[in-house]
Amino acid sequence: MYVKICGLREPGHVATAVEAGADAIGFVMTRSPRRVTPERAAELAALVPEHVLTVGVFRGEDPETVRAAALASGVRAVQLHGTHPHGDFTALKDLGVTLIRAVDAQADLRCGAYDEDLLLVDAPHAGSGQPWDWAAVRGKATGRWLLAGGLAPGNVREAIEAAGPWGVDVSSGLESEPGVKDPRLIEEFLRSVRG
(Lines give C-alpha, C1' and ligand atoms only; values in the text may rest on other atoms or scores of the structure.)
Protein backbone atom coordinates (compact mmCIF):
# COMPACT_ATOMS: atom_id res chain seq x y z
CA MET A 1 0.00 0.00 0.00
CA TYR A 2 1.49 3.32 -1.15
CA VAL A 3 1.45 6.00 1.59
CA LYS A 4 1.72 9.77 1.14
CA ILE A 5 2.10 11.97 4.21
CA CYS A 6 1.09 15.52 3.34
CA GLY A 7 1.44 18.98 4.84
CA LEU A 8 4.84 18.57 6.49
CA ARG A 9 6.60 21.74 7.64
CA GLU A 10 9.32 20.66 10.11
CA PRO A 11 12.57 18.74 9.49
CA GLY A 12 11.87 16.40 12.41
CA HIS A 13 8.48 15.45 11.02
CA VAL A 14 9.99 14.79 7.58
CA ALA A 15 12.58 12.52 9.21
CA THR A 16 9.88 10.66 11.16
CA ALA A 17 7.80 10.10 8.00
CA VAL A 18 10.82 8.82 6.05
CA GLU A 19 11.94 6.51 8.88
CA ALA A 20 8.40 5.18 9.35
CA GLY A 21 8.29 4.17 5.67
CA ALA A 22 6.33 6.85 3.80
CA ASP A 23 6.50 6.54 -0.01
CA ALA A 24 5.75 10.21 -0.65
CA ILE A 25 5.90 13.45 1.34
CA GLY A 26 3.81 16.49 0.44
CA PHE A 27 4.65 20.16 0.90
CA VAL A 28 1.66 22.50 0.63
CA MET A 29 2.47 25.63 -1.39
CA THR A 30 -1.05 27.05 -1.55
CA ARG A 31 -3.48 28.69 0.88
CA SER A 32 -3.54 26.45 3.97
CA PRO A 33 -2.51 26.33 7.65
CA ARG A 34 0.15 23.91 6.34
CA ARG A 35 1.56 26.30 3.74
CA VAL A 36 5.30 26.55 3.21
CA THR A 37 7.21 28.77 0.80
CA PRO A 38 9.02 27.18 -2.15
CA GLU A 39 12.29 28.04 -0.35
CA ARG A 40 11.20 26.21 2.81
CA ALA A 41 9.97 23.29 0.70
CA ALA A 42 13.43 23.13 -0.91
CA GLU A 43 15.07 22.91 2.52
CA LEU A 44 12.72 20.12 3.57
CA ALA A 45 12.92 18.26 0.24
CA ALA A 46 16.71 18.19 0.58
CA LEU A 47 16.25 15.97 3.65
CA VAL A 48 14.26 13.35 1.73
CA PRO A 49 16.07 10.37 0.16
CA GLU A 50 15.67 9.68 -3.57
CA HIS A 51 13.36 6.68 -3.07
CA VAL A 52 10.71 8.86 -1.38
CA LEU A 53 8.71 11.12 -3.71
CA THR A 54 8.58 14.83 -2.79
CA VAL A 55 5.31 16.49 -3.80
CA GLY A 56 4.41 20.17 -4.16
CA VAL A 57 0.70 20.65 -3.52
CA PHE A 58 -1.24 23.44 -5.28
CA ARG A 59 -4.89 24.47 -5.55
CA GLY A 60 -6.09 26.97 -8.13
CA GLU A 61 -2.72 28.48 -9.07
CA ASP A 62 -1.99 28.93 -12.78
CA PRO A 63 0.54 26.63 -14.44
CA GLU A 64 3.30 29.26 -14.55
CA THR A 65 3.02 29.92 -10.80
CA VAL A 66 3.10 26.17 -10.18
CA ARG A 67 6.07 25.74 -12.51
CA ALA A 68 8.08 28.48 -10.77
CA ALA A 69 7.37 27.05 -7.31
CA ALA A 70 8.14 23.48 -8.41
CA LEU A 71 11.47 24.53 -9.91
CA ALA A 72 12.40 26.67 -6.88
CA SER A 73 11.56 23.90 -4.42
CA GLY A 74 13.03 21.02 -6.40
CA VAL A 75 10.05 18.72 -5.71
CA ARG A 76 9.81 15.63 -7.89
CA ALA A 77 6.01 15.70 -8.19
CA VAL A 78 3.27 18.30 -8.56
CA GLN A 79 -0.24 17.80 -7.18
CA LEU A 80 -3.03 19.98 -8.58
CA HIS A 81 -6.02 19.94 -6.25
CA GLY A 82 -9.55 20.78 -7.30
CA THR A 83 -11.02 21.80 -10.64
CA HIS A 84 -7.87 22.30 -12.71
CA PRO A 85 -8.56 21.91 -16.45
CA HIS A 86 -6.81 19.29 -18.55
CA GLY A 87 -4.65 22.06 -20.06
CA ASP A 88 -2.98 22.78 -16.72
CA PHE A 89 -1.59 19.24 -16.65
CA THR A 90 -0.55 19.43 -20.30
CA ALA A 91 1.25 22.72 -19.60
CA LEU A 92 3.31 21.09 -16.84
CA LYS A 93 4.13 17.82 -18.63
CA ASP A 94 7.53 19.09 -19.83
CA LEU A 95 8.68 19.63 -16.21
CA GLY A 96 9.48 15.93 -16.13
CA VAL A 97 7.92 15.45 -12.69
CA THR A 98 5.19 13.08 -11.52
CA LEU A 99 1.79 14.76 -11.96
CA ILE A 100 -0.97 14.09 -9.43
CA ARG A 101 -4.61 15.08 -10.01
CA ALA A 102 -6.54 15.51 -6.75
CA VAL A 103 -10.34 15.60 -7.03
CA ASP A 104 -13.48 14.62 -5.18
CA ALA A 105 -15.55 11.54 -5.97
CA GLN A 106 -17.79 13.42 -8.44
CA ALA A 107 -14.93 13.98 -10.92
CA ASP A 108 -13.60 11.73 -13.70
CA LEU A 109 -11.93 8.98 -11.63
CA ARG A 110 -9.85 7.40 -14.38
CA CYS A 111 -6.19 7.82 -13.52
CA GLY A 112 -4.51 9.30 -16.60
CA ALA A 113 -7.64 10.98 -17.99
CA TYR A 114 -5.89 14.36 -17.64
CA ASP A 115 -2.40 12.99 -18.47
CA GLU A 116 -1.65 12.66 -14.76
CA ASP A 117 0.51 9.87 -13.33
CA LEU A 118 -1.39 9.42 -10.07
CA LEU A 119 -4.97 10.18 -9.05
CA LEU A 120 -5.99 11.26 -5.56
CA VAL A 121 -9.65 11.01 -4.53
CA ASP A 122 -10.45 13.31 -1.61
CA ALA A 123 -13.43 14.15 0.57
CA PRO A 124 -16.12 16.53 -0.75
CA HIS A 125 -14.67 19.18 1.59
CA ALA A 126 -10.93 18.67 1.11
CA GLY A 127 -8.81 19.49 4.12
CA SER A 128 -11.71 19.24 6.58
CA GLY A 129 -10.32 16.10 8.18
CA GLN A 130 -13.84 14.64 8.21
CA PRO A 131 -14.41 10.99 7.26
CA TRP A 132 -16.72 10.50 4.27
CA ASP A 133 -18.33 7.65 2.35
CA TRP A 134 -15.12 5.93 1.22
CA ALA A 135 -17.07 2.96 -0.18
CA ALA A 136 -18.70 5.30 -2.73
CA VAL A 137 -15.53 5.21 -4.87
CA ARG A 138 -14.95 1.46 -4.73
CA GLY A 139 -14.76 0.15 -8.30
CA LYS A 140 -15.11 3.66 -9.79
CA ALA A 141 -11.54 4.94 -9.53
CA THR A 142 -9.09 3.22 -11.87
CA GLY A 143 -5.32 2.86 -12.13
CA ARG A 144 -2.91 4.15 -9.51
CA TRP A 145 -5.14 6.11 -7.13
CA LEU A 146 -4.85 7.28 -3.55
CA LEU A 147 -7.69 7.63 -1.08
CA ALA A 148 -7.70 10.79 1.05
CA GLY A 149 -10.02 12.68 3.35
CA GLY A 150 -10.61 12.08 7.04
CA LEU A 151 -7.99 9.34 7.36
CA ALA A 152 -6.28 8.75 10.71
CA PRO A 153 -4.44 5.89 12.44
CA GLY A 154 -7.68 4.61 13.95
CA ASN A 155 -9.72 4.38 10.73
CA VAL A 156 -7.32 3.89 7.84
CA ARG A 157 -7.71 0.08 7.74
CA GLU A 158 -11.50 0.47 7.58
CA ALA A 159 -11.14 3.06 4.80
CA ILE A 160 -8.83 0.80 2.76
CA GLU A 161 -11.26 -2.11 3.09
CA ALA A 162 -14.20 0.12 2.08
CA ALA A 163 -12.63 1.79 -0.95
CA GLY A 164 -9.96 -0.63 -2.22
CA PRO A 165 -7.39 2.05 -3.17
CA TRP A 166 -3.86 1.58 -4.55
CA GLY A 167 -2.60 3.97 -1.85
CA VAL A 168 -3.60 6.45 0.85
CA ASP A 169 -2.87 10.11 1.56
CA VAL A 170 -3.13 11.75 4.99
CA SER A 171 -2.57 15.21 6.45
CA SER A 172 -4.86 16.63 9.16
CA GLY A 173 -5.42 13.18 10.69
CA LEU A 174 -1.82 13.28 11.93
CA GLU A 175 -1.98 16.68 13.65
CA SER A 176 -2.10 17.81 17.26
CA GLU A 177 -3.50 21.16 16.04
CA PRO A 178 -4.05 22.61 12.52
CA GLY A 179 -0.75 22.59 10.65
CA VAL A 180 1.24 20.88 13.44
CA LYS A 181 2.06 17.20 12.88
CA ASP A 182 2.42 14.73 15.76
CA PRO A 183 5.37 12.34 15.13
CA ARG A 184 3.67 9.61 17.17
CA LEU A 185 0.59 9.76 14.92
CA ILE A 186 2.79 9.58 11.80
CA GLU A 187 4.36 6.37 13.10
CA GLU A 188 0.99 4.94 14.17
CA PHE A 189 -0.54 5.65 10.77
CA LEU A 190 2.22 3.82 8.90
CA ARG A 191 1.96 0.89 11.31
CA SER A 192 -1.84 0.78 10.85
CA VAL A 193 -1.51 0.70 7.05
CA ARG A 194 1.34 -1.78 6.83
CA GLY A 195 0.74 -3.82 10.00
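Between Val170 and Val156 the shortest side-chain heavy-atom distance does not fall below 4.5 Å. Side chains of Met29 and Val78 form no contact here, defined as non-hydrogen atoms less than 4.5 Å apart. Looking at heavy atoms from C-beta onward, Asp104 lies out of side-chain contact with Trp132 at the 4.5 angstrom threshold. Using a 4.5 Å heavy-atom threshold, the side chains of Val193 and Val168 count as touching. At least one side-chain heavy atom of Val103 sits under 4.5 Å from a side-chain heavy atom of Leu109.
In summary, Glu161 and Arg138 do not engage in a salt bridge, as defined by a charged side-chain N under 4.0 Å from a carboxylate O. Taking the charged nitrogens against the carboxylate oxygens, Arg194 and Asp23 do have a contact shorter than 4.0 Å, which makes a salt bridge. In this structure, Glu187 does not pair ionically with Arg184, as no charged nitrogen and carboxylate oxygen lie closer than 4.0 Å.
Nearest heavy atom pair, residue Thr142 against residue Cys111, reads O-CB, 3.0 Å. The heavy-atom pair separating Leu151 from Ala159 by the smallest distance is CD2-CB, 3.4 Å. Taking each heavy atom of Cys6 and Asp169 in turn, the nearest pair found is CB-OD2, 3.9 Å. In this structure, Pro153 and Gly173 approach most closely via the heavy-atom pair CD-O, 3.7 Å. The shortest heavy-atom contact between Val97 and Arg76 is CB-O, 3.4 Å. Between Asp88 and Leu80, the shortest heavy-atom contact is CB-CD1, 3.9 Å.
Transitive grouping of hydrophobic side chains (ILVMFWY, heavy atoms separated by less than 4.5 Å) keeps Val75 and Val57 in distinct clusters. A continuous path of ILVMFWY side-chain contacts below 4.5 Å connects Leu185 to Leu147, so both sit in one hydrophobic cluster. Using a 4.5 Å cut-off between side-chain heavy atoms of Ile, Leu, Val, Met, Phe, Trp and Tyr, with links allowed through other members, Leu71 and Ile100 fall into different hydrophobic clusters. Val180 and Leu174 sit in two unconnected hydrophobic clusters of ILVMFWY residues. Membership requires side-chain heavy atoms under 4.5 Å apart, directly or through other members.
Summarising the geometry, atom CD belonging to Glu10 is positioned 5.5 Å from atom CZ belonging to Arg40; distances are rounded to the nearest 0.5 Å. Taking OG of Ser32 as the reference point, atom CZ of Arg9 lies at 8.0 Å (rounded to 0.5 Å). Taking NE2 of His13 as the start and CD1 of Ile5 as the end, the distance is 12.0 Å to the nearest 0.5 Å. Going from atom CD of Glu158 over to atom CH2 of Trp134 covers 5.0 Å, rounded to the nearest 0.5 Å. A distance of 9.5 Å separates CD1 in Ile160 from CG in Asn155, rounded to the nearest 0.5 Å. Rounding to the nearest 0.5 angstrom, the gap separating the CG atom in Leu8 from the OG1 atom in Thr54 is 11.5 Å.
Among the candidates Asp115, Leu118, Leu92, the single residue satisfying the side chain to side chain contact (heavy atoms under 4.5 Å, CB included) test with Leu99 is Leu92. No option in Gln79, Arg101, Arg144, Arg110 other than Arg101 meets the side chain to side chain donor-acceptor pair (under 3.5 Å) test with Glu116.
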- Task: Begin with the C-alpha distance, continue with both residues' side-chain angles, and end with the deciding distance and a verdict on side chain to side chain contact (heavy atoms under 4.5 Å, CB included) for Glu188 and Asp182.
- Result: CA-CA 10 Å; Glu188 279 181 26; Asp182 181 329; over 6 Å; no
- Item | Audit row: Trp145, Val137, side chain to side chain contact (heavy atoms under 4.5 Å, CB included) steps and yes/no | CA-CA 11 Å; Trp145 72 278; Val137 294; 3.6 Å; yes
- Hey, mind stepping through Arg31 and Glu61 against side chain to side chain contact (heavy atoms under 4.5 Å, CB included) and telling me if it holds? CA-CA 10 Å; Arg31 295 170 302 284; Glu61 288 82 6; 4.0 Å; yes
- Applying side chain to side chain contact (heavy atoms under 4.5 Å, CB included), run through Val66 and Leu95 and close with a yes or a no. CA-CA 11 Å; Val66 172; Leu95 270 177; 5.6 Å; no
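Between Trp166 and Tyr2, the ring-plane angle classifies as parallel under the 30° and 60° cut-offs. Between Phe89 and His84, the angle of the ring planes goes over 60°, which puts this pair in the perpendicular group of the 30/60° scheme.
Residue Lys93 places its NZ atom among more than 12 non-hydrogen atoms of other residues, nucleotides or ligands, all under 6.0 Å distant.
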